[in-house]
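On a predicted model such as this, the values are computed, not experimentally measured, just so you know.
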Amino acid sequence: MLQTVSEWLWWERLWLPANVSWSDLEDSEGRVYAKASQLHAALPCALCLLLVRYLFERYLATPLANVWGIRDSVRLTAEPNPILESYFCSQARAPSQADVRSLCKKTSWSERRVQIWFKRRRNQERPGLCKRFCEASWRCVFYFFAFVCGVLALYDKPWLYNLKEVWAGFPKQSMLPSQYFYYLLEMGFYLSLLLSLTLDVKRKGAKVFNYAKWHQTANAMFVVFTVVFILTRLIIFPFWLIHCTWVYPLEEVAPFFGYYFSNVMLLVLQILHLYWAVLISQMAYKFIFSKLEGDDRSEEEEDDDSDSPKDRRHKLSHINGSGARGRANGY
């Protein structure tokens, strides 16, 4: 059965032009072609990147966070309550008003006390600022490194300056070592993110400046990001790259399934670019006309605005380090 599925999946008429077979793409005369089996190398690459990430976050990002004064805020812990804990874990993190009243009857607590418990419990689930900074800085460093590698892999290639060269001799095109290792690096990175999906905070690389309270730098980065996104995703991508994949191949071969499939996927990606551009434009509008400060994508902690004066003084003592416990924890 697996053999049959493999034959259908790699059917020559799906992925290759007419009169071309997989046997025509076997390594010979100094030519090296891409092979599906090379995808297996992405897994060990991902595991190596996970190790590099661990070392980076532990020995570089964490000390850097300390130097920049990035600290986790002190959170008030939700008092133990098996009934509310069971509801929080099995039903909802934010109960409706009707559920709050029902929980009040079960626990003999006031509605406000139940609401405060859920606020504090949700805050306990949110990752600390230091963890968010470490993960964002890892992405920032990797994307910068990948960009540099991409430039080094492309700067001397003829197709960077003349897109028609992409299809010269297609499909009998030898794979260059720089192409192989660059794609392996990218696939390994995104596979490593998939493996760590349940543990990651999902933050952008530019967030490191917000965490460090470098708001002017963060604002400048946002402006640069907006300009680069519009230029690359809404101008270069559709009018250069999609044009390259839609028009130029027809000068070499007749249309086939792989040609249509690849271009449809690129058009879907372009639709996503348009959707993301709308969201970014809305943020830019707020930034320019509403004097947006910080990042409205941030997942802020909820305030316990109804704490008693005693609780507020207790929390303030933790933050300022005036209490014995605060001094012991180094705040």
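When all heavy atoms are compared, the tightest approach of N66 to R71 is CA-NH1, 3.3 Å. Here the closest non-hydrogen pair linking L185 and C45 is CA-SG, 4.3 Å. Shortest non-hydrogen contact noted between I280 and F222 is O-CZ, 4.2 Å. Nearest heavy-atom pair across P171 and P17 is CG-CD, 4.1 Å. Summarising the geometry of V32 relative to S174, their closest heavy-atom pair is N-OG, 3.1 Å, with the distance given to 0.1 Å. The shortest non-hydrogen separation linking W246 to L267 is CZ3-CD1, 4.1 Å.
Using modelled atom types, no side-chain atom of K286 and backbone atom of Q282 make a donor-acceptor pair closer than 3.5 Å. Between the side chain of W117 and the backbone N or O of E79, at least one donor-acceptor pair lies under 3.5 Å. Judged by distance alone, the side chain of Q124 and the main-chain N or O of T77 form no donor-acceptor pair under 3.5 Å. Not a single donor-acceptor pair under 3.5 Å links the side chain of S86 to the backbone N or O of P82. At least one donor-acceptor pair under 3.5 Å links the side chain of D24 to the backbone N or O of S21. Remark: the backbone N or O of A168 is paired with a side-chain donor or acceptor of Q173 at under 3.5 angstrom. A distance-only check finds a donor-acceptor pair linking the side chain of Y161 to the backbone of Y155 [under 3.5 Å].
Side-chain atoms of N123 and R120 include no donor-acceptor pair closer than 3.5 Å. Under 3.5 Å, the side chains of Y183 and Q179 contain no donor-acceptor pair of N or O atoms. For the residue pair D99 / Y87, a side-chain donor-acceptor distance below 3.5 Å is found, with atom types taken as modelled.
With values rounded to the nearest 0.5 angstrom, L250 atom CG is found 10.0 Å from T245 atom OG1. I242 CD1 to S262 OG: the interatomic distance, rounded to the nearest 0.5 Å, is 11.5 Å.
Just one residue in the list Y259, F256, F257 forms a ring pair (Phe, Tyr, Trp, His ring centres under 6.0 Å) with W15, and that residue is F257.
Counting heavy atoms from C-beta outward, P95 and Q115 have side chains that stay 4.5 Å or more apart. In this structure, W167 and V253 have side chains that are not in contact, with every pair of non-hydrogen atoms separated by 4.5 Å or more. Taking the side chain as every heavy atom from C-beta outward, Q270 and M265 never approach each other to under 4.5 Å. Under the 4.5 Å side-chain criterion, counting only non-hydrogen atoms from C-beta, F189 is in contact with S192. Under the 4.5 Å side-chain criterion, counting only non-hydrogen atoms from C-beta, K35 is not in contact with L25. Annotation: side chain of F237 is in contact with side chain of H273 (closest heavy-atom distance under 4.5 Å). Contact check for L195 versus L47: side-chain heavy atoms found under the 4.5 Å cut-off. Within the 4.5 Å cutoff, no side-chain heavy atoms of Y248 are placed close to those of V166.
By the neighbour-count criterion of 12 heavy atoms within 6.0 Å, atom CD of E251 is densely surrounded, having more than that number from other residues, nucleotides or ligands. Around the NZ atom of K106, the shell of radius 6.0 Å holds no more than 12 heavy atoms that belong to other residues, nucleotides or ligands. Summarising the local packing, CG of D156 is surrounded by more than 12 heavy atoms from other residues, nucleotides or ligands at distances under 6.0 Å. Around atom CZ of F170, more than 12 heavy atoms belonging to other residues, nucleotides or ligands sit under 6.0 Å away. Taking a 6.0 Å sphere around CH2 of W10, one finds it holds 12 or fewer heavy atoms contributed by other residues, nucleotides or ligands.
A tilted orientation is assigned to the rings of Y143 and Y190, their planes being inclined by 30° to 60°. Between F88 and F118, the ring planes lie tilted relative to each other; the angle falls in the 30° to 60° range.
Using a cutoff of 4.0 Å between basic side-chain nitrogens and carboxylate oxygens, E85 and R121 are scored as salt-bridged.
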- Task: Run the numbers on T226 and F229 for side-chain contact (heavy atoms from CB on, under 4.5 Å), then give the verdict.
- Result: CA-CA 5 Å; T226 302; F229 186 92; 5.9 Å; no
For salt bridge (Lys or Arg N to Asp or Glu O under 4.0 Å), just list the numbers for E135 and R53, CA-CA rounded to whole Å, side-chain angles, deciding distance to a tenth of an Å, and then say yes or no. CA-CA 9 Å; E135 294 191 5; R53 171 180 174 174; 3.7 Å; yes
Determine whether L184 and Q38 satisfy the following criterion, side-chain contact (heavy atoms from CB on, under 4.5 Å), listing intermediate values before the conclusion. CA-CA 9 Å; L184 179 63; Q38 292 171 327; over 6 Å; no
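Annotation: cation-pi geometry not satisfied between R13 and W11 (NZ/CZ under 6.0 angstrom from ring centroid, within 45° of ring axis).
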